[in-house]
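Below is one structure, written out as structure tokens, with a few remarks after it.
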Amino acid sequence: MARFRHTVTLTPVPRRWLESCVAALHDLAEGTDVDGARLRLPDGRPVPGLVLVRGRHLGPGAQYRPVRDQDGEPDADQCLTVVSWDRRRETALEVVTLDGDPAHPARLVCALGLTSAERPREAWLSATLRSSGKRAEYLGGTGRLHLDLGRWWQATGHGRHPSRAPLSGTLTHPLARVSVTVVPRPAPDGRWRVTVRARLSGRSVARPLLPLATAVLGRRARRACAEALDRAAAAWNTQVPELVRKDGERLGTELAEALLGP
């Protein structure tokens with residue numbers, strides 16, 4: 001079993017700002033109207049490149065597909081499905097993408113959810129990749145992330161720290177499994193000191209090979225992971241200060257403009 005730990009310092013995201021953004025995104029989606037299969041923003045402008053192909057807008061089971069540039073028809077290889085949409089309880093979406101590669105056709109299913117828009121408490125993301133063809137059993141895997149927002153805000157405050165990591169995840173492959181936890185702490189200057197811990201364990205035929213691989217490549221792998229986290233932190237600290245200066249309404253407006261394309 002291999003272990004990794006690294007700490008970065010991040011610009012904080014205010015709780016009220018995050019909650020206002022969640023509300024603004026829901027307002028934008030709920031204010032969008034349907035004209036046949038086409039979607040229209042609250043101001044009446046059509047949303048290009050996305051159509052409703054099944055169900056009632058934002059109702060459970062509603063399905064949306066992007067439109068192909070070449071013929072204007074819905075893309076059969078991509079689909080967004082509303083699993084649930086209830087601001088008081090849960091918002092959950094599922095995205096399915098198909099890859100028709102003759103050698104290795106694949107199906108990627110991503111699901112994300114939030115409890116709840118009125119009072120965000122938990123968020124989660126999962127992804128499952130399945131493939132067929134030669135050695136398909138080694139081409140798939142699953143990933144899961146879970147964020148307990150209540151524990152996150154508690155951990156970034158100056159009171160009692162939560163007993164469990166607010167953010168945790170797993171990445172599972174037939175030959176390996178990675179478990180990750182992320183724990184924030186308040187820094188003296190008001191920023192967040194965020195510690196990432198990861199644990200890698202081998203599975204199946206790779207289990208006895210992991211100690212050897214760790215001995216040969218462990219130091220290099222840990223350095224590469226630390227550098228990747230440092231780069232991500234630098235990007236976060238560059239972009240987030242400007243982002244949090246915008247209120248939820250302004251971000252909703254910018255998102256609407258982005259949906260309209262260039």
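For reference, positions follow the sequence shown, starting with 1.
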Path from V67 to L41 over hydrophobic side-chain contacts below 4.5 Å: no
Minimal non-hydrogen separation, L28 against P42, with atom names: CD1-CD, 4.0 Å
R45 and E257: CA distance, side-chain angles, deciding distance, side-chain contact (heavy atoms from CB on, under 4.5 Å) verdict: CA-CA 10 Å; R45 291 179 293 174; E257 295 296 330; 3.0 Å; yes
Step-by-step side-chain contact (heavy atoms from CB on, under 4.5 Å) determination, W153 to L18: CA-CA 11 Å; W153 303 127; L18 178 64; 3.7 Å; yes
Trace of the salt bridge (Lys or Arg N to Asp or Glu O under 4.0 Å) decision for D27 with R87: CA-CA 10 Å; D27 289 342; R87 294 179 75 132; 2.8 Å; yes
Verify same cluster id: V53, V83 (apolar side-chain graph, 4.5 Å): no
Aromatic plane relationship, W85 with H26 - under 30° parallel, 30 to 60° tilted, over 60° perpendicular: tilted
Residue pairs involving residues 53-62 (criterion side-chain hydrogen bond (donor to acceptor under 3.5 Å, both in side chains); sequence neighbours excluded): H57-Y64
L58 vs E30 side-chain heavy atoms within contact, under 4.5 Å: yes
Audit row: E73, R65, salt bridge (Lys or Arg N to Asp or Glu O under 4.0 Å) steps and yes/no: CA-CA 9 Å; E73 292 296 317; R65 293 186 185 274; over 6 Å; no
Verify same cluster id: L108, L93 (apolar side-chain graph, 4.5 Å): no
Within 6.0 Å of CZ in R119, more than 12 heavy atoms from elsewhere: no
Pairwise side-chain contact, F4 with V178, heavy-atom cut-off 4.5 Å (strictly under): no
Least distance between heavy atoms, T181 atom then A165 atom: CB-CB, 3.7 Å
Ring pair (Phe, Tyr, Trp, His ring centres under 6.0 Å) against W17, all qualifying residues, sequence neighbours excluded: none
P12 side chain near R191 side chain, heavy-atom distance below 4.5 Å: yes
Non-hydrogen side-chain atoms of K246 and T253 separated by less than 4.5 Å: no
Check: R177 and S201 side chains under 4.5 Å, non-hydrogen atoms: yes
Heavy atoms of other groups near R38 CZ, more than 12 under 6.0 Å: no
Minimum heavy-atom distance L171-G143, with the two atoms named: CD1-CA, 4.1 Å
Salt-bridge present (E227, R223; N to O < 4.0 Å): no
V194-V183 co-clustered via ILVMFWY side chain contacts under 4.5 Å: no
Minimum side-chain heavy-atom gap L149-L147 below 4.5 Å: yes
Within 6.0 Å of CZ in R107, more than 12 heavy atoms from elsewhere: no
Hydrophobic cluster identity match, V51 and L80, side-chain contacts under 4.5 Å: no
Spacing of D230 atom CG and C225 atom SG [to the nearest 0.5 Å]: 11.0 Å
Within 6.0 angstrom of R89 CZ, more than 12 heavy atoms from elsewhere: no
Validation row: V182, T195 side chains within 4.5 angstrom (heavy atoms): no
N/O donor-acceptor pair under 3.5 Å between R144 side chain and S168 backbone: no
Smallest separation among heavy atoms of D75 and D77, with atom names: OD1-N, 2.9 Å
Derivation of the side-chain contact (heavy atoms from CB on, under 4.5 Å) call for T81 and V96: CA-CA 8 Å; T81 301; V96 177; 5.9 Å; no
Minimal non-hydrogen separation, P66 against L50, with atom names: N-CD1, 3.9 Å
Value rounded to 0.5 Å, distance of CG in L114 from CG in D86: 11.5 Å
N237 to T11 - nearest heavy-atom pair and separation: OD1-N, 2.7 Å
Non-hydrogen side-chain atoms of H161 and P186 separated by less than 4.5 Å: yes
V34 vs L39, side-chain contact (heavy atoms from CB on, under 4.5 Å): CA-CA, chis, key distance, verdict: CA-CA 5 Å; V34 179; L39 303 177; 3.8 Å; yes
Using distance only, find each side-chain donor-acceptor pair of residues 120-131 under 3.5 Å and give its atom names and separation, not counting sequence neighbours.
| residue | atom | partner | partner atom | Å |
| --- | --- | --- | --- | --- |
| E122 | OE2 | H146 | NE2 | 2.8 |
| S131 | OG | P105 | O | 3.2 |

